[in-house]
Protein chains: 2
Amino acid sequence: MAVTIRDVAKAAGVSASTVSRALSGSELVDPRTREHVLRVADELGYVPNRAARGLITGRTGNLGLILPDLANPFFPEVVKGVQARAREADYSVFLADTDEDPTAELGLVRALAKQVDGIILCSPRMSTEDMRAAATCSCVVAVNRRGAQVPAITIDNVDGMRQAMAHLAALEHRRIGYVAGPRSSWSNRERARGIRLAAEAEGVELVEVGHVPPRFEGGVAAADLVVAAKVTAVVAYNDLVAMGLMSRLASRGIAVPQEISVVGIDDIPLAGMFTPGLTTVSVPKEQCGRAAVELLLKLLDEPGVRAPRREVPTQLLVRDTTTVARRSP
Amino acid sequence: MAVTIRDVAKAAGVSASTVSRALSGSELVDPRTREHVLRVADELGYVPNRAARGLITGRTGNLGLILPDLANPFFPEVVKGVQARAREADYSVFLADTDEDPTAELGLVRALAKQVDGIILCSPRMSTEDMRAAATCSCVVAVNRRGAQVPAITIDNVDGMRQAMAHLAALEHRRIGYVAGPRSSWSNRERARGIRLAAEAEGVELVEVGHVPPRFEGGVAAADLVVAAKVTAVVAYNDLVAMGLMSRLASRGIAVPQEISVVGIDDIPLAGMFTPGLTTVSVPKEQCGRAAVELLLKLLDEPGVRAPRREVPTQLLVRDTTTVARRSP
DNA sequence: CTGAAAGCGCTAACAC
DNA sequence: GTGTTAGCGCTTTCAG
């Protein structure tokens, strides 16, 4: 059926080992032999069987990527980054979407563990305990999540919130809302922490509003609470929540930004499509994906390193716009 | 390191074959022995190595999914469908995003072929020739693409266009635009064909506007052409294009739907978030994904079947809304 | 520099 | 019912 290394060997008049060596670029083979073998392999359309190779080398050349919800526009960007970097390193990527079910994640890690060299875990809500367990199954890198001494790529949430708050404070807002995301989410905890610090530093009154799902509907649900809180500006857990917020505000006839300024986080593509363009804290999503692969590859090369971490910067992006100076009272 | 079938065999006091049989649920093993083996395997935390199994059975238990652009909100839904169905059948999914580069697709198919039992190809712009080549590498199912006798899941584009056109005609529109997608896209050809048929059937004048990339920016770019075409309604190649269209119309101060009615296609989640909610031809994206896996599994079971196809229905979704009756002249 | 042989973890004939 | 043997496609000693 498929052409194997032995077919190539026979056709080239050499042994299988020589073919193997020639293909893996070993120096222990005569350049002329290599040349010849390579040409024959190419003519026969030989493609090495990675599974068979993996069986003996212990390396599969595969990566696993686990995420909570591909429908959240944040993640496709991360995936693209992971893909791109993985392909450069000649790795393939297994993708698993848990449908926001943190209890399914460990099972997926286990199932994937044998087929991959490492796993990138975007699991904001996984328990520390499960993280630890996951890390024992395979080489794991977490994204936007710290804990259990697992190597991680995170974004600088605290600085992002500082920027958002500084922007609003400069616009004279003095009473500002924060629409919190899922209680168990690491990102939410960091963002809440960051905005509290920033509020204090700026001398601004902070009103925290409910915990909502990190989706459009979450924002819709929070809008009335935000209005009741009588704030002049609000920062949402993420862009999707911000959009839901704005949608509901619009249907109540409350003008953004004239009556309430809104700031999101993530800078999902959608944020730039809306009118008015959403002011948001931009997160380099694709870069997060790339960085995660990068870290994983390094870990695979030098397993000695312990729990390295990398934090990528965030950048406030003022669009055209959902924030204005507070109206004089 | 990892616990193998032989470790289990030794610990259970049986041979490796018996363990293999017990685990694969073969009837040729004493129920008591099976019970015992299963318990021992569980205690040892044994997880079978699928790659090794695949080497001998010829089945990997993996699927490949290739798509042009995960950033298009259409695809994450398809992926979720594929994932869900694959998981039910205990399959894992390789994902590859080609970044809208049709020439990269064949290479990805080749690279993946050895590691999967079948490949789901969402490649609206791949050449028929390449499709044929892809189909020789692996068991391939195409999504939203016909040609080269490859089994396919498609949506009923023609009927979708008929519904859209019937809706607009019922609203008394008599001169209607179509913003075409990529020239090489199968979906675009079908949609163009459908709308032409429908326009003729309804006695409506159809104006086709340029070929644009299937993205938000494509719609932005087409908006001015649409205005110049003096139509009272327009159907866009997809929702993303429709949103771009509306965005540009808004900034030119042209009211939707009062001055121009807009209809999209796909029903991406975004379409329901916008205000006004976009009227669109809804496509069961997740179902497409599930159906593709379903078809693939069937093909793997009975390789005799030749080029089966399945078409899923589409449904016009009138939201609250981007379409109104034409103003009396 | 190259070939022969062993074996990665697993399953499928074939014996018993 | 169960164990033994062979071998999937590949890499890697170990000899030559």
Side-chain angles (χ1 to χ4, degrees), chain A residues 1-38 40-41 44-62 90 92 110-117 138, chain B residues 1-38 40-41 44-62 90 110-117 137-138:
Chain A
M1 194 67 258
V3 32
T4 81
I5 202 170
R6 270 198 277 267
D7 300 327
V8 178
K10 201 174 296 175
V14 296
S15 77
S17 342
T18 303
V19 176
S20 174
R21 282 191 276 256
L23 291 165
S24 63
S26 164
E27 281 307 319
L28 308 153
V29 60
D30 189 302
R32 298 211 307 279
T33 316
R34 177 190 358 272
E35 191 73 16
H36 179 224
V37 167
L38 257 39
V40 171
L44 263 49
Y46 170 75
V47 182
N49 183 325
R50 302 184 118 191
R53 171 185 300 176
L55 211 49
I56 180 151
T57 60
R59 287 289 196 99
T60 61
N62 296 148
D90 204 28
S92 299
R110 290 229 173 83
L112 239 42
K114 280 277 172 44
Q115 315 194 61
V116 301
D117 296 336
S138 181
Chain B
M1 195 68 258
V3 32
T4 82
I5 202 170
R6 271 199 276 267
D7 299 328
V8 178
K10 200 175 297 177
V14 296
S15 78
S17 347
T18 303
V19 176
S20 174
R21 282 190 277 256
L23 290 165
S24 63
S26 163
E27 279 308 317
L28 309 153
V29 59
D30 189 302
R32 298 211 305 278
T33 316
R34 179 192 355 273
E35 191 72 14
H36 178 223
V37 167
L38 258 39
V40 171
L44 264 49
Y46 170 75
V47 181
N49 183 327
R50 300 183 121 193
R53 171 186 300 176
L55 210 50
I56 180 154
T57 60
R59 288 289 196 99
T60 61
N62 295 147
D90 204 27
R110 290 228 173 84
L112 238 41
K114 282 275 172 45
Q115 316 194 62
V116 301
D117 296 336
C137 301
S138 180

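Source: prediction; values computed, not measured. Just so it is clear: chains get the letters A, B, ... in the order the sequence lines come, proteins before strands, and each one is counted from 1.
In this structure, T4(B) and Y46(B) approach most closely via the heavy-atom pair C-CE1, 3.6 Å. Counting all heavy atoms, side chain and backbone alike, S138(B) lies closest to A113(B) at CB-CB, 4.2 Å. When all heavy atoms are compared, the tightest approach of D7(A) to A2(A) is OD2-O, 3.9 Å. Across every non-hydrogen atom of A41(A) and L23(A), the tightest pair is CB-CD2, 4.5 Å. Nearest heavy atoms, A9(A) versus V19(A): CA-CG2, 3.6 Å.
Each of P31(A) and S17(A) was assigned the nucleotide of DNA chain C with the nearest heavy atom; the assignment lying further toward the 5' end belongs to P31(A). Two residues, A52(B) and R34(B), neighbour DNA chain D, and the one matched to the more 5' nucleotide by heavy-atom proximity is R34(B).
Applying the 6.0 Å contact sphere to NZ of K114(A) captures more than 12 heavy atoms from other residues, nucleotides or ligands. Within 6.0 Å of atom CZ in R34(A), more than 12 heavy atoms from other residues, nucleotides or ligands are found, so the atom counts as buried in its surroundings.
Rounding to the nearest 0.5 angstrom, the gap separating the OG1 atom in T33(A) from the CG atom in L28(A) is 12.0 Å. We find the CZ-OG distance between R6(B) and S15(B) to be 11.0 Å, quoted to the nearest 0.5 Å.
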Candidate pair S20(A) and S17(A), rule side chain to side chain donor-acceptor pair (under 3.5 Å), full reasoning = CA-CA 5 Å; S20(A) 174; S17(A) 342; over 6 Å; no

Quick one: do H36(A) and V14(A) satisfy side chain to side chain contact (heavy atoms under 4.5 Å, CB included)? Show the steps, please.
-> CA-CA 10 Å; H36(A) 179 224; V14(A) 296; 5.5 Å; no

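For DNA chain D, the span of nucleotides reached by chain A at under 4.0 Å from its heavy atoms goes, 5' to 3', from dC8(D) to dT13(D). Mapping heavy-atom proximity under 4.0 Å, the span of DNA chain C touched by chain A runs 5' to 3' from dC1(C) to dG9(C).
Checked against side chain to side chain donor-acceptor pair (under 3.5 Å), T60(B) has the following partners two or more places apart in sequence or in another chain: D117(B).
Residue-level contact check: T33(A) touches the backbone only, with heavy atoms under 4.0 Å from sugar-phosphate atoms and none from bases. Among the atoms of the strands shown, base atoms are found under 4.0 Å from some heavy atom of R6(A). Within 4.0 Å of R21(B), counting heavy atoms only, lies at least one base atom of the nucleic acid.
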Scan the side chains in residues 47-57 of chain B for donor-acceptor partners under 3.5 Å anywhere in the protein, sequence neighbours excluded, and list what turns up.
from	atom 1	to	atom 2	distance (Å)
N49(B)	OD1	A51(B)	N	2.9
N49(B)	OD1	A52(B)	N	3.1
R50(B)	NH1	G61(B)	O	3.4
R50(B)	NH2	D90(B)	O	2.6
R50(B)	NH2	D90(B)	OD2	3.4
T57(B)	OG1	R53(B)	O	3.0
T57(B)	OG1	R59(B)	N	3.1
T57(B)	OG1	R59(B)	O	3.3

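Over its length, the helix from dC1(C)-dG16(D) to dC16(C)-dG1(D) turns its helix axis by 40°, as judged from the five terminal pairs at each end, rounded to 10°.
Within residues 53-61 of chain B, the residues that place at least one heavy atom under 4.0 Å from DNA chain D are, in residue-number order, L55(B), I56(B).
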